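See below for the structure under consideration.
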Amino acid sequence: MTVTPAPAPSQMLPHAMPACPNGRLALFAIRRMGAHGLADAHAAHAMLNGFGESFRRPLVLMRALMADLAGSAAGNIAIAPCCCMRMTAAESAVLTILAQVETAPEKAQLLLADLLGIRRVDGVLASAAALSAAFADAGRPISG
């Protein structure tokens with residue numbers, strides 16, 4: 001019998017928390033919805049606090065993106081608990097996609113295809129672009 005040691009925490013959560021507060025808001029919503037469902041009240045409350053009266057568009061688009069990611073992924077997408085101050089590689093990829101979908105769409109498309117494990121990601125990429133635009137239109141652009 002061979003015993004393999006558990007991976008170090010830095011290997012499980014290799015990326016630092018985003019410096020951008022808008023990225024942290026998006027990450028919180030991703031984690032809450034990923035763990036507790038699309039109708040999670042804590043995610044909705046965070047979006048209300050972050051966007052004020054105009055919270056509905058980013059909230060609905062975040063729900064749409066999460067549903068698209070879950071429905072399209074060929075495998076599991078690793079998310080960390082909300083209390084973690086580091087990110088998984090998948091979370092980092094999603095935030096990079098949201099930050100660069102408008103400025104570097106080819107890169108975002110390749111990252112998304114790698115994340116989902118499928119070739120055709122146009123629908124999910126459109127959801128990511130809509131969410132990114134909603135954040136930017138509200139004065140809260142997600143930066144990489």
Side-chain angles (χ1 to χ4, degrees), residues 4 6-144:
T4 57
S10 62
Q11 291 174 331
M12 294 186 311
L13 300 171
H15 300 278
M17 188 69 101
C20 169
N22 306 326
R24 288 194 303 272
L25 174 60
L27 179 63
F28 179 80
I30 288 167
R31 286 177 171 179
R32 287 298 305 189
M33 288 182 190
H36 302 284
L38 300 179
D40 181 69
H42 292 285
H45 186 259
M47 296 295 258
L48 174 63
N49 283 338
F51 291 97
E53 291 180 5
S54 59
F55 77 99
R56 286 178 189 85
R57 179 177 170 218
L59 176 61
V60 168
L61 291 171
M62 178 63 79
R63 288 174 175 161
L65 175 63
M66 293 300 292
D68 284 347
L69 288 171
S72 300
N76 293 330
I77 298 174
I79 58 170
C82 290
C83 61
C84 288
M85 295 307 293
R86 297 191 60 82
M87 295 187 295
T88 66
E91 291 169 336
S92 178
V94 171
L95 290 181
T96 301
I97 291 163
L98 291 174
Q100 297 185 1
V101 68
E102 292 297 324
T103 58
E106 297 85 13
K107 180 180 177 182
Q109 185 174 20
L110 289 172
L111 277 171
L112 190 56
D114 285 346
L115 175 68
L116 297 177
I118 59 174
R119 287 184 179 185
R120 297 187 179 252
V121 296
D122 296 336
V124 184
L125 191 63
S127 292
L131 177 61
S132 179
F135 268 70
D137 291 348
R140 296 191 64 116
I142 299 171
S143 62

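Values in this document were obtained by computation on a predicted structure and should not be read as measured data. Positions are given from 1, in the same order as the sequence printed here.
- Rounded to the nearest 0.5 angstrom, Thr96 OG1 and Met87 CE are separated by 7.0 Å.
- Residue pairs meeting the salt bridge (charged side-chain N to carboxylate O under 4.0 Å, His left out) criterion with at least one partner in residues 37-57, sequence neighbours excluded, are Arg32-Asp40, Arg57-Asp137.
- Taken from CG in Leu65 to CG in Leu61, the straight-line distance is 9.0 Å, to the nearest 0.5 Å.
- Every residue two or more places apart in sequence or in another chain that forms a side-chain hydrogen bond (donor to acceptor under 3.5 Å, both in side chains) with Ser127 is listed here: Asp68.
- Summarising the geometry of Ser143 relative to Ala99, their closest heavy-atom pair is C-CB, 3.8 Å, with the distance given to 0.1 Å.
- Residue Gln100 holds its CD atom at 3.5 Å from NZ of Lys107, rounded to the nearest 0.5 Å.
- At distances below 3.5 Å, not a single donor-acceptor pair connects side-chain atoms of Arg119 with backbone N or O atoms of Ala113.
- With sequence neighbours excluded, the residues forming a ring pair (Phe, Tyr, Trp, His ring centres under 6.0 Å) with Phe51 are Phe135, listed by chain and number.
- For the pair Leu69/Leu112, a side-chain contact is recorded, criterion being any heavy-atom separation below 4.5 Å from C-beta on.
- For NE2 of His45, the number of neighbouring non-hydrogen atoms (other residues, nucleotides, ligands) closer than 6.0 Å is 12 at most.
- Here Leu27 contributes atom CG and Asn22 contributes atom CG; the two are 12.5 Å apart, rounded to the nearest 0.5 Å.
- The side-chain hydrogen bond (donor to acceptor under 3.5 Å, both in side chains) search around Asn76 returns none, not counting sequence neighbours.
- Under a 3.5 Å cut-off, the side chain of Arg86 and the backbone N or O of Met17 do not form any donor-acceptor pair.
- Pro58 is not listed as a side-chain neighbour of Arg140, based on a closest heavy-atom distance of 4.5 Å or more.
- Atom CG of Leu111 and atom CG of Leu116 lie 10.5 Å apart (nearest 0.5 Å).
- For Thr88, the side chain to side chain contact (heavy atoms under 4.5 Å, CB included) partners at least two apart in sequence or on another chain are Leu13, Ala78, Ala80, Ala90, Glu91.
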*Passes side chain to side chain contact (heavy atoms under 4.5 Å, CB included), Leu38 versus Met62? Steps please.*
CA-CA 9 Å; Leu38 300 179; Met62 178 63 79; over 6 Å; no
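- At a threshold of 4.5 Å between non-hydrogen side-chain atoms, the residues Leu98 and Val94 count as touching.
- The side-chain hydrogen bond (donor to acceptor under 3.5 Å, both in side chains) check on His42 picks up nothing, with sequence neighbours excluded.
- The nearest pair of heavy atoms linking Ala44 to Arg63 is CB-NH2, 4.2 Å.
- Here the CD1 atom belonging to Ile77 is positioned 8.5 Å from the OG atom belonging to Ser72, to the nearest 0.5 angstrom.
- Listed here is the closest heavy atom pair of Ile97 and Ala128: CG2-CB, 4.0 Å.
- Between Val60 and Met47, every side-chain heavy-atom pair lies at or beyond the 4.5 Å cut-off.
- Side chains of Ile142 and Ser132 form no contact here, defined as non-hydrogen atoms less than 4.5 Å apart.
- Scanning both residues, Val101 and Ala129, for their nearest heavy atoms gives CG1-CA, 3.7 Å.
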*Please assess Leu95 against His15 for the test side chain to side chain contact (heavy atoms under 4.5 Å, CB included), listing each intermediate value before the final yes or no.*
CA-CA 11 Å; Leu95 290 181; His15 300 278; over 6 Å; no
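- Of all heavy-atom pairs spanning Cys84 and Arg31, the tightest one is O-NH1, 2.9 Å.
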